[in-house]
Amino acid sequence: MTMHIGQSQRRENARRHLSGRGHFVSDLTLPRMLHAVFVRSPMAKGRLVEIDTSEAEQSPGVVRILTAAELNARCKPWVGTLAHFAGMQSPPMNILAEEEVLWTGQPVAMIIAKSRAEAEDAADLVMVDIEDSEPVTDGAAALQDGAPLANSAARNNLCYEALLETPAVNEAFADAAHVVEASFTFGRHTAVTLEPRAVIADFDPSSGALTVHHGTQTPYQFQDVYARHFGLPEGKVRVIAPDVGGSFGMKLHVYNEEMGAVAASMILERPVRYVADRLESFLSDIHARDHIVKGRMALDAEGKILAMDVDDLAPVGAVSAYPRTSAAEGNQVIRLMGAPYNMPDYRGRLQVAFQNKVQTSQYRAVGHPIACAVTEALVERAAEVTGLDPFEIRARNLIADDAYPHVSATGYQFEKLSHQASLAKLREMMDPDALRADQARLREQGIYRGFGIASFVEITNPGAAFYGVGGARISAQDGAVVRMTPSGDIHCAISVTEQGQGTETIIAQVVADQLGVSPERVSVTTGDTATTPSGGATWACRGAGIGGETALRAGRKLRERILTLAGALLQADPATLRLEDGAVVDVATGEARITLEEIGRVATYRPDTLPDGVDHSLTVAHHFAPSGYPFDFTNGIQGSLVEVDVETGIVRILKHWVVEDCGRIINPLLVDEQIRGGVVQGLGPAFFEECQYDTDGQLTNGSLADYLVPMACEMPDIEIAHIETPTEDTILGAKGVGEAGTAAAGAAAMNAVNDALRPFGARLTQTPMTPLRILDALDAARKQRTDP
Amino acid sequence: MKVMLSTTVNGEQVQEAVLPRTSLADFLREDLGLTGTHLGCEMGACGACLVLMDGVPVHACLVLAVQAEGSTIETIEGLNETGAAADLQARFHDRNALQCGFCTNGMLMSAQALLEANPAPTRDEIRDALSGNYCRCTGYEAIVDAIDTTARDRAARTEAAK
């Protein structure tokens, strides 16, 4: 029998996109649909004095202009805190600013018109009078005594702080043969999904039902949010998320504009569409990262890591995002430090600060790139002071592959990882000896190449401990309904969602193998709360590990049902039967006894011919939540080869390597492309991407002409290898893979740039590593040499 | 005040009244329902809205609909129906050279135009030709592979036909 798990299968749903037949929310038009545009605060901080809409109301095509008094009254405010983040504060938020504006771009009024263009015309005519005040833009300054409040409704500018500490961390530093240290600055960047955020809210007063077509990765979360915040019964709220043009964590947060569209639809009793344009996306999508980290690492004389001591300052905007909070990233930063290594002692301090900018929150590989870059840059410095090469120092410190289960100094429990095998594999792929020889030869010609490596641990498949215990209504479980049609085809409706990762394809592969059919016979439905069972959907790499396991167990339940039915029909013990090639087969002889079509026919059209009491229903449901380890961790290592032009500061990324262990691989083709996409999302912020603000809190590069994203000509070919260590917590054994590429790409690239610049004594500790920053680092090193 | 526009879209004669400020992209998407042409930035930077205008790829977001008067427009829907890019679409599918699919229209348009102009591009030339096409999902390598393979296949077919 052919097994489909583990095979490269193409995505059937890709055909629609290739022929221009995608179903994106931004493509959808509903009868009587109206268009929404928001009037936004032009300044980062101030008191709202007056909003005059009289002229705008007369503008052609305008149906209604909504201000806070009317719109916010419809919506219960939201608060972005988690109960298990002790002491965390975040003031309540609502759709439109009332009294105070908190960031540039915060919506203050909503125009509803017959077309987007007419709504935009009217928005220009709204007069907004804001008495501006000095914004708080710098994170460190925000936390100083006497700093003005970024948000008047907060007690102070400290959103959250945390400390992780082992008892002997001070002794470890006192006893160390070497201590290396550095300060790092990681810029703000943003997701830049190619399809901006899109929503069409459609409230039907005749039935009291709200249907929201929403470009989101988490439809069930939004069903719950809309029901609770707008006072609707959950059963009356349907969220449909068809094709989504990229999400990466950005499309699972609650945004003012989407809530506004729902409120406006309820007020106007007509469908209301809001699709952000790219300029609005830069102002209103969540931003990511933005960390200043001070880190120290203690080592013994042999180069063994004894401890790390890390201080992370993360400014997150004027309010914490809802419902996952803006503190989760920093929390993950301090918990992932040193994760791949045997590190007995650790101190990690986190301060999350309010400031007058749009919120930062969860984006692909939450916290991973920061923890990885800091750890790996310090390991690289440790290699320098101990005279070890980058591979050797890691070989001495990476957790041994036979040392599991292992608990990290930060408290994470690792079931089984493969760091040493990954390191060996990477060495084989990169051939560092040859790279060193090339490097030396080219340096004589004035060409500066460098390579760097970075080990990583990736958090996947979170259980209820992640958000559930903090009181957030974010499902830890996923659900699948698998049924056989009368003609013997299989259908699976599942709560994990598809944004192009290939969710539907891998679910079909998993289900197909449980039922002995080809994946072509399995159709999969995702992304509609009315037609799929509830669940957490696709975030934190849940698709394969949790979604796949859910589908597997549901498929097995249906298999048992079919075999029982077949046993009754064939007067055979079901234990002597199995499913193969679309038929029920005798285990002993391998002989096909009855086809699935025949079973479908009998169960559906002639149940009267079955013995009494035989269950002829061909639909089963199953829900699954991870138990056992609180998370599945994956691991791997990346390498980067770069060439730095020391005259211009321009870096060419020549090659990138990834060794990755995501447990059982369901579809190698899709896994590799997930990794490649992830690598590029890690290289982008390492070299190009940064949301730049001036001291007034104005975003100065909020367009795709000014904000640099990685393009084809700047990105390297990416070589990928795998090691498979399946988790034993599930039958399937799959973990996640979505964050892996992003987690360590920037760290490897930073080490590579610094390796290239080593002859000059220059060092980068800030991302993005722009040409100007590289030239500044070269300049600083030159001054230090000539000016001791 | 709307003005009459007469143009050919995907081989069909189209006569519509449009506002002078309507972009070609909005005209195609909203008036003709051709939603395969996507809008990612509306400033000519992302390439999701590329269509062929008299055989040349143009950003439909930067062209006014009225500028299409008398011209021939081909969108992804038309390219799909004529089968002119069927081999390219198939290689994209084989190689999983798309994930969310939002940029795919523009990628196919750029690739088709590149291979018309340069039937045997190097990988660097392919990457260069995609310098106006933004993809957030794939990492680009699969797209480059798909275009590279299509070029080789087409060359082999041409050779075989000789």
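All values below come from the heavy atoms of this structure, side chains included, with hydrogens, waters and symmetry mates left out. Each chain gets a letter, A, B and so on, in the order the sequences are listed, and its residues count up from 1.
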Counting only heavy atoms closer than 4.5 Å, note whether [X] contacts chain B via side chain, backbone, both or neither.
{"X": "A/A191", "value": "backbone"}
{"X": "A/L670", "value": "both"}
{"X": "A/T29", "value": "neither"}
{"X": "A/S26", "value": "both"}
{"X": "A/P710", "value": "both"}

Side chains of [X] and [Y]: closer than 4.5 Å at any heavy-atom pair?
{"X": "A/V192", "Y": "B/Y134", "result": "yes"}
{"X": "A/E673", "Y": "B/Q99", "result": "yes"}
{"X": "A/D27", "Y": "B/H38", "result": "yes"}
{"X": "B/C137", "Y": "A/F248", "result": "yes"}

(request) Apply the side chain to side chain contact (heavy atoms under 4.5 Å, CB included) test between B/F102 and each candidate in A/T193, A/L194, A/V244, A/D243; give the one that qualifies. (result) A/L194

(message) Counting only heavy atoms from other residues, nucleotides and ligands, does the tally under 6.0 Å from CZ of A/R21 exceed 12?
(response)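 Atom CZ in A/R21 is not crowded, with 12 or fewer foreign heavy atoms closer than 6.0 Å.
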
(message) Around atom NZ of A/K114, are there more than 12 heavy atoms from other residues, nucleotides or ligands closer than 6.0 Å?
(response)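 Count not over threshold, so no.
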
Do you know which of [options] has the most heavy-atom pairs with chain B at a distance under 4.5 angstrom?
{"options": "A/M715, A/Q499, A/R11", "answer": "A/R11"}
{"options": "A/R15, A/R16, A/E12, A/H17", "answer": "A/H17"}
{"options": "A/R278, A/M711, A/Q674", "answer": "A/M711"}

Report the distance from atom [atom1] of [X] to atom [atom2] of [Y], rounding to the nearest 0.5 Å.
{"X": "A/E195", "Y": "B/R136", "atom1": "CD", "atom2": "CZ", "result": "15.0 Å"}
{"X": "B/R95", "Y": "A/S8", "atom1": "CZ", "atom2": "OG", "result": "9.5 Å"}
{"X": "A/D277", "Y": "B/M43", "atom1": "CG", "atom2": "CE", "result": "10.0 Å"}
{"X": "B/S131", "Y": "A/E714", "atom1": "OG", "atom2": "CD", "result": "8.5 Å"}
{"X": "B/L98", "Y": "A/L18", "atom1": "CG", "atom2": "CG", "result": "5.0 Å"}
{"X": "B/I143", "Y": "A/R676", "atom1": "CD1", "atom2": "CZ", "result": "12.0 Å"}

Give, as side chain, backbone, both or neither, the part of [X] having an atom under 4.5 angstrom from any heavy atom of chain A.
{"X": "B/L34", "value": "neither"}
{"X": "B/N105", "value": "neither"}
{"X": "B/E42", "value": "side chain"}
{"X": "B/N133", "value": "backbone"}

Please give me the minimum heavy-atom distance between [X] and [Y], naming the atom from each residue.
{"X": "B/R123", "Y": "A/D717", "answer": "NH2-OD1, 3.3 Å"}
{"X": "B/H93", "Y": "A/A14", "answer": "CD2-CB, 3.8 Å"}
{"X": "A/L704", "Y": "B/C46", "answer": "CD1-CB, 3.9 Å"}
{"X": "A/D121", "Y": "B/R21", "answer": "OD2-NH2, 2.9 Å"}
{"X": "B/C100", "Y": "A/G246", "answer": "CB-N, 3.4 Å"}

(message) Test your reading of the model: is there a side-chain donor-acceptor pair from B/E141 to the backbone of A/I718, 3.5 Å cut-off?
(response)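 Yes, because the side chain of B/E141 sits within donor-acceptor range (under 3.5 Å) of the backbone of A/I718.
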
(request) Between chain A and each of B/G36, B/C135, B/G44, B/G40, count heavy-atom pairs under 4.5 Å; write down the option with the most. (result) B/G40

(request) Indicate whether the side chain of B/N96 and that of A/R10 have a donor and an acceptor atom separated by less than 3.5 Å. (result) no

